[in-house]
Structures are given as C-alpha cells and as structure tokens.
Q: 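Next up is a structure, given as structure tokens.
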Protein chains: 2
Amino acid sequence: MRLTAKSEYGLLAMIDLACRIDQGPVSAREISDRQGIPAKYLEQLFVGLRKAGLVGAVRGAHGGFALERPATDITVLDVVEALEGSLRPTVCDGDRAAVCGRGDACAAAGVWDRATSAVREVLDSTTLASLARAQEVLDESGAARGPVER
Amino acid sequence: MRLTAKSEYGLLAMIDLACRIDQGPVSAREISDRQGIPAKYLEQLFVGLRKAGLVGAVRGAHGGFALERPATDITVLDVVEALEGSLRPTVCDGDRAAVCGRGDACAAAGVWDRATSAVREVLDSTTLASLARAQEVLDESGAARGPVER
DNA sequence: TGAAATCATACTGTTTTGGTAAGGATTCCA
DNA sequence: TGGAATCCTTACCAAAACAGTATGATTTCA
C-alpha cells in the first residue's frame, strides 16, 4: 500500500479534466503548466490512465485528453490503481506471508488487511465529480480574496 | 504513509513478547528464530521500540526484551510509528502541498488526509493484547491439526 | 510541409529499503 | 576472573523504487 507522486499528480490532472469536461480535449502541456507537474512525467501518467480506460486521447494538433466516463463514475481509487497498481497491503501479502511460516494462521495479517480496506473505502467513496466541485468552490472563494500567493 | 518490513517484523516481535509476558526477558535471538526475522535486523528494530518506550531491555547473559507497558495499552499504531516515524500522508504533505500552488485551497489534499486517518484509526484500535490472544487461539487450533507445513 | 500533440522506450541520479559487518559494552555464571 | 551471552552502536552495502529526463516515432491539423 503506497501512495506516491504518481497518485498526487494523477489526481490533480484528473480533477483538472473534470473541471473542463465541455471544452474538448485538454493537452497534457496545458495541465502540466496549470498544475505544476513536470510535462514529460505527466505524459507517462496519462499512458497509464488511458490504458485503464479512464481517459480518452486525441492525437495530433489540438489533441489532448478527456474523461472517458462521467466524473461521477470515476473514483479516486480508480485513478490510484491505474497508476500504482492494485492497492494491496505492502506487508505480509502473497509470498511475504511465508515469512512468519504461518500462512493463514497469522494474527498480524488481519491488521494489515483491515488497514488496506479502510484506505480502499475512503478512496472508492470519493468521486472526481465531488472533488471537481469542491475545487471550483475553492477557486471561486480564492479568486474573491485575490490571487494565490506563491 | 508507508508500511514496510519494519512494521511487519516489529509487530511480529511485539506479539511474540506479548505472548510471553510472564517469562522474563526474551532474547532477540530467540524471537528471530521463532518468527523468521534476520537476527541483526531485528536488533535494530528493538532500538526503535526501546527508544519509543514500548519495550525494556535487559543486557548481559540471560537478558532480552520485555513489554514496558501492559499489552492492552500498546496499539499497532504505537509499534508502527516507533519504527516508521509519524504516519502522515506521503502525498501532498508539508512542502509538497506547494506543488499545486494552492496550499490549503486544494481539494485533493482532503482525500489523502482522510485515507491516512482511516489507517490510523484501524491501527490505533488494535492492541497487542488482542493480537496475542488471537495468535494463541490460532496456534492452539493449528497444533491440534498437526505441525505447520513449511 | 510544419507545428502540435500523443505514444513508446530507454536512461539516470537520488533515496529508500533491507539487510550485513564489526566491534564495543554490559551482565551472568562457572 | 574469564568466558559466554546479550544488548548497543556505527558503518557499510546491494538492490529496488522513485521521480524524473531524453530521444524519437507517430498522428493530426492548418
């Protein structure tokens, strides 16, 4: 169970797309500028997102990416697993269970499973739509107070 | 937020200790044999556990380690944080929040926070006492069915 | 055709991980 | 008193993961 920059960048990019669903394809370059994500790195992330069926790509000039499903049907878990692989316990999974020589008869394994399930539940119950809406509200109130300090 | 072999090994060792509270100090060597943990690596882990006040050490021949508090007062979170440091989101924490240039005005940050809180809650609501008890039950039923296959 | 954009693959410097090595310090027991 | 057992400390190391960069091919529009 690991959450790295891939998840962070990927989620920012997906929220960005969700905020612009009716504007046609959005280029990776545009998103990388807006979100402060290294351009070439973001390109790689979009490969994963596309292969997972979360975004569609339009190649060539004026191309870009767009959500392939409604934002209400894409969860944060979808994004994370597209980029980081299946979200399993990093400890005591698969072969590692053999470490303690107990297999199923290991009391510790249950704790890691419950922790992973708890994360999955949080990520799976949050949709891109709700995050995009929240971000728009934040942007509006921020704009009302003036530009963001950097 | 990362759970590595340190947490897995450390928790196994602590459960081992909790199952032997009334037997005086238990040596690292003994635990490493029983749990299949590299001996010298386990020694390092005990340094962290001792500095966190979770175990007490007795040096010299017939020395070893013992729980410093009742097993009912030690949670899995205590063990994990003693070994891995404070359990915070690995994404969008501290300086990383500056990545998106939004600071507090970032909708994504809330998701990572909720995920981390969910893990903390699971780990903090599980005590060594309950795990030790569960392990003893598993060991008994396993012993009744014969030796564990390896 | 040329610019804009995705797609694919390979490379790289840094950090983390999961140990190992070597020896020192302390305590018990014969 | 001298081992032997045990914890303590520090240093070292190889492999993997991470966070990008680099290069170039391919596709599309104007």
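In what follows, every chain begins at residue 1, and chains take the letters A, B, ... in the order their sequences are listed.
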Q: Which nucleotide wins on minimum distance to the side chain of Glu43(A), given the candidates dT6(C), dG20(D), dT9(D)?
A: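 So the side chain of Glu43(A) is nearest to dT6(C).
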Q: Between Arg29(B) and dC7(D), does any side-chain N or O lie under 4.0 Å from OP1 or OP2?
A: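 No.
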Q: Grab the N/O contacts between the protein and nucleotides 28-30 of chain D below 3.5 Å, and write none if there aren't any.
A:
residue: dT28(D); atom: O2; partner: Ala61(A); partner atom: N; Å: 3.2

Q: Does a side-chain N or O of Arg50(B) approach OP1 or OP2 of dT9(D) to a distance below 4.0 Å, or not?
A: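 Arg50(B) to dT9(D) OP1/OP2: side-chain N or O found under 4.0 Å.
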Q: Evaluate whether atom CZ of Arg29(B) has more than 12 neighbouring non-hydrogen atoms of other residues, nucleotides or ligands under 6.0 angstrom away.
A: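 12 or below, so no.
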Q: Please round to the nearest 0.5 Å and tell me the distance separating atom CG of Leu11(A) and atom CG of Leu3(A).
A: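 Reported value, rounded in 0.5 Å steps: 10.5 Å.
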Q: Looking only at heavy atoms, which two atoms of Arg120(B) and Glu81(B) are closest? And how far apart?
A: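 Smallest heavy-atom distance, with atoms named: NH1-OE2, 2.9 Å.
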Q: Among dA19(D), dG23(C), dG18(C), which is the nearest nucleotide to the side chain of Thr4(B)?
A: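 Given the options dA19(D), dG23(C), dG18(C), the side chain of Thr4(B) is closest to dG18(C).
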Q: Starting the side chain at C-beta, find the nucleotide from dA19(D), dT6(C), dG18(C) nearest to Tyr41(A).
A: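 Among the listed nucleotides, the one closest to the side chain of Tyr41(A) is dA19(D).
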Q: Using heavy atoms to find the nearest nucleotide of DNA chain C for Arg2(B) and Phe46(A) separately, return the residue whose nucleotide is more 5′.
A: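 Its nucleotide being nearer the 5' end, the pick is Phe46(A).
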Q: What about Lys6(B): does its side chain form a donor-acceptor pair under 3.5 Å with the base of dT16(C)?
A: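 Check fails, no donor-acceptor contact within cut-off.
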Q: Judged by modelled atom types alone, do Asp113(B) and Thr116(B) share a side-chain donor-acceptor pair under 3.5 Å?
A: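 The criterion, which ignores hydrogens and geometry beyond distance, is not satisfied for Thr116(B) and Asp113(B).
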Q: Between Met14(A) and Val55(A), which heavy-atom pair has the shortest distance, and what is it?
A: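 Smallest interatomic distance, heavy atoms only, reads SD-CG1, 3.5 Å.
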Q: Could you pull out the protein-nucleic contacts involving nucleotides 9-15 of chain C (nitrogen or oxygen on both sides, under 3.5 Å)?
A:
residue: dA10(C); atom: N6; partner: Gln44(A); partner atom: NE2; Å: 3.1

Q: Mind calculating the distance between CD (Glu30(A)) and P (dA4(C)) to the nearest angstrom?
A: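 For the pair Glu30(A) CD and dA4(C) P, the rounded distance is 14 Å.
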Q: Which distance, rounded to the nearest 0.5 Å, do you find between the OG1 of Thr126(B) and the CZ of Arg114(A)?
A: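 Here the rounded value is 4.5 Å.
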Q: For Tyr9(B) and dG18(C), is the shortest distance between a side-chain N/O and OP1 or OP2 below 4.0 Å?
A: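 No, because none of the side-chain N or O atoms of Tyr9(B) sits under 4.0 Å from OP1 or OP2 of dG18(C).
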Q: Provide, to the nearest angstrom, the distance between the CD1 atom belonging to Ile31(B) and the P atom belonging to dC7(D).
A: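 In whole Å, dC7(D) P and Ile31(B) CD1 are 8 Å from each other.
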Q: Leu3(B) has an atom CG; how far is it from atom P of dA17(D), in whole Å?
A: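 Nearest whole value for this atom pair: 17 Å.
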Q: Send over the distance from Leu42(A) CG to dA19(D) P, rounded to a whole Å.
A: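 From Leu42(A) CG to dA19(D) P: 14 Å.
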Q: Output every pair passing ring pair (Phe, Tyr, Trp, His ring centres under 6.0 Å) with a member in residues 13-52 of chain A, not counting sequence neighbours, ordered by first then second residue.
A: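 Listed by first then second residue: Tyr9(A)-Tyr41(A), Phe46(A)-Phe65(A).
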Q: So which heavy atom on Leu45(B) is nearest to which on Leu83(B), and how close?
A: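 Looks like O-CD2, 3.5 Å.
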Q: Would you say the side chain of Cys106(A) lies within less than 4.5 Å of the side chain of Leu12(B), judging by non-hydrogen atoms?
A: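 SC-SC contact between Leu12(B) and Cys106(A) confirmed.
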Q: Less than 4.5 Å apart, side chain to side chain, heavy atoms only: is that true for Asp78(B) and Leu128(B)?
A: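 No; the side chains remain at least 4.5 Å from each other.
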Q: Taking CD1 from Ile37(B) and P from dT20(C), how many angstroms apart are they, rounded to a whole number?
A: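 Taking CD1 of Ile37(B) and P of dT20(C), I get 13 Å after rounding.
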Q: Determine the contact category for Phe65(B): base if any of its heavy atoms lies under 4.0 Å from a base atom, sugar-phosphate if only primed atoms, P, OP1 or OP2 are that close, otherwise nothing.
A: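 Sugar-phosphate contact only.
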Q: Measure CG/Leu49(B) against P/dC8(D) and give the value in whole Å, please.
A: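 Interatomic distance, CG of Leu49(B) to P of dC8(D): 11 Å.
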Q: Take Glu84(A) and Val26(B), find for each the nucleotide of DNA chain D with the closest heavy atom, and name the residue whose nucleotide sits nearer the 5' end.
A: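 The answer here is Val26(B).
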